[in-house]
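Here's the structure we're looking at; comments come further down.
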Amino acid sequence: MTQPTLEQIASCIAGYDPNAMPVAQAQEFIARLVPRVQAVERLPIRSALGRVLAHDVVSPIDVPSHDNAAMDGYAMRGMDLADDGPTLLPVAGTSFAGQPVVSVVPPAFCARIMTGAVMPDGLDTVVPQEFTTLLPDGRISIPAGIVRTGDNRRLRGEDLARGEAALKAGRVLRPADLGLLASLGQAEVPVLRRLRVAFFSTGDELRSVGEPLDEGCVYDSNRYTLWGMLTRLGVELIDLGVVRDEPDALRAAFEQAAAAADAVITSGGVSVGEADHTKRIMAELGEVLFWRIAMRPGRPLAIGRIGDGAGGRGAILFGLPGNPVAVMVTFYAFVRDALLAMAGANAEPLPVMQAISAGALRKKPGRTEYQRGTLRPTADGRWQVEITGSQGSGILRSMSQANGLVVLHHGQGNVAAGDLVDVLPFDGLV
Ligand code: AMP
Ligand code: MG
């Protein structure tokens, strides 16, 4: 498959302007740029958690395979229920879960039945045990109005019918899906191969954890936040460390990354005033655009393809800004969805919450702002969000203290205390 050039993609984007690009336009561009992995592997169910399903999984059986009881009690025919007053029925046997079914229950008889046990032929209703009384003559008494025909019976195939697509290709497998696959009796699952992502930090001022912190230097934190976000995303990681601002070192790092990975993520060295070599080497090794995005934090972004790795198609490059908060915000705004698409995932949109802003927020229309906030329930059962102190793009603490990102949209202006704002919560169910 031939890839469109970046120029061709740009020509499909209405009002494309690399120097003032709205977030939504950048997202659209990136969505058109990224290819999807193709290779498939088969894994045991438990190894497939978080992986992307490669093909539809069609149920080979009805689940459940028989009509069965949803409660412990007595199975009977709905037509035997008395119109008025209690119903009295003799008991013809007992049906236990996993045991051969009680074959014949004559008309106007019932059978004792346990949850999950197969419904004897012709019986369609289960009366829960607690509503019944066992009479001295061995019959049970069912008070009037307790059940209707069909109550407390699970139908064959009601969970999954044979031949039905139980899970669709592109599904990122969650705990319930593993259970569903097991319920079909499938030991193995076809998943797409994991996406390989290489990343490194650029900047002469960066020192790695464990090294002494020289005068005027900072510890490289971006590789750790990136490691965390990428690990959560379930990709395969190639950590290439800190790369000095030297053309040969940068060239070698980009080449190694592009040869080994589907995507390359760097931080630093892409802002306009950069004196270093990062941008030049990126442009030299591939087809790369340098954008200024109408967002805060995270204005500069390099995007494109470098090298001829990944089967001669080149690796997708995300050159993120250097500031630690900008790295995380641009990752969430652009890289996350792009990597999921590359991994073949049919990702659902992230849930956005509306919360009451605890304070007034200054916001200029014409750019998207991502502020860091703490979501808390209010006494009356709603959600409030409060900004986590100074929002400088170098202040990683603002991110660490937050439990969500307040998204102030492109066209939005100032927010008054008490207004509703959109918040992307960081955490969900496991
Ligand atoms: P740059 O985008 O290279 O101009 O970097 C912007 C700011 O982010 C500078 O203050 C850098 O020192 C800082 N920075 C860049 N990379 C990192 C990193 N990996 N860890 C921590 N801070 C960084
Ligand atoms: Mg720099």
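Order of appearance sets the numbers: ligands from 1, and atoms from 1 within every ligand.
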>> For ligand 1, which is the ligand I care about here, please tell me if Pro321 has any N or O atom under 3.5 Å from one of the ligand's N or O atoms.
In response: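 In fact, backbone or side chain, Pro321 has no N or O that close.
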
>> Please work out, at 4.0 Å between heavy atoms, whether the side chain, the backbone, both, or neither of Glu205 comes within that distance of ligand 1.
In response: side chain

> Where's the contact between Val270 and ligand 1, heavy-atom distance under 4.0 Å: side chain, backbone, both or neither?
Replying inline: neither

>> I'd like the name of whichever of Asn323, Val218, Asn222, Leu396 reaches closest to atom 10 (O) of ligand 1 through any heavy atom.
In response: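 The option holding the nearest heavy atom is Asn323.
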
> Which of the listed options, Gly203, Gly269, Pro324, Ser271, holds the heavy atom that is closest to atom 22 (N) of ligand 1?
Replying inline: Pro324

>> Tell me if a side-chain donor or acceptor on Thr202 pairs with a main-chain N or O of Gly268 at a distance below 3.5 Å.
In response: yes

Are [X] and [Y] ion-paired here, with the side-chain N under 4.0 Å from a carboxylate O?
| X | Y | answer |
| --- | --- | --- |
| Lys363 | Glu369 | no |
| Glu284 | Arg251 | yes |
| Asp62 | Arg156 | yes |

Using a strict cut-off of 4.0 Å, indicate which atoms of ligand 1 neighbour a heavy atom of [X].
| X | result |
| --- | --- |
| Ser221 | 20 (N), 21 (C) |
| Tyr219 | 20 (N), 21 (C) |
| Ser201 | 19 (N) |

> For the residue pair Phe254 and Phe200, is the inter-centroid distance of their aromatic rings smaller than 6.0 Å?
Replying inline: yes

>> Set out, in order, the CA-CA distance, both residues' side-chain angles and the distance that settles side chain to side chain contact (heavy atoms under 4.5 Å, CB included) for Ile303 and Leu317, then state yes or no.
In response: CA-CA 5 Å; Ile303 190 86; Leu317 171 71; over 6 Å; no

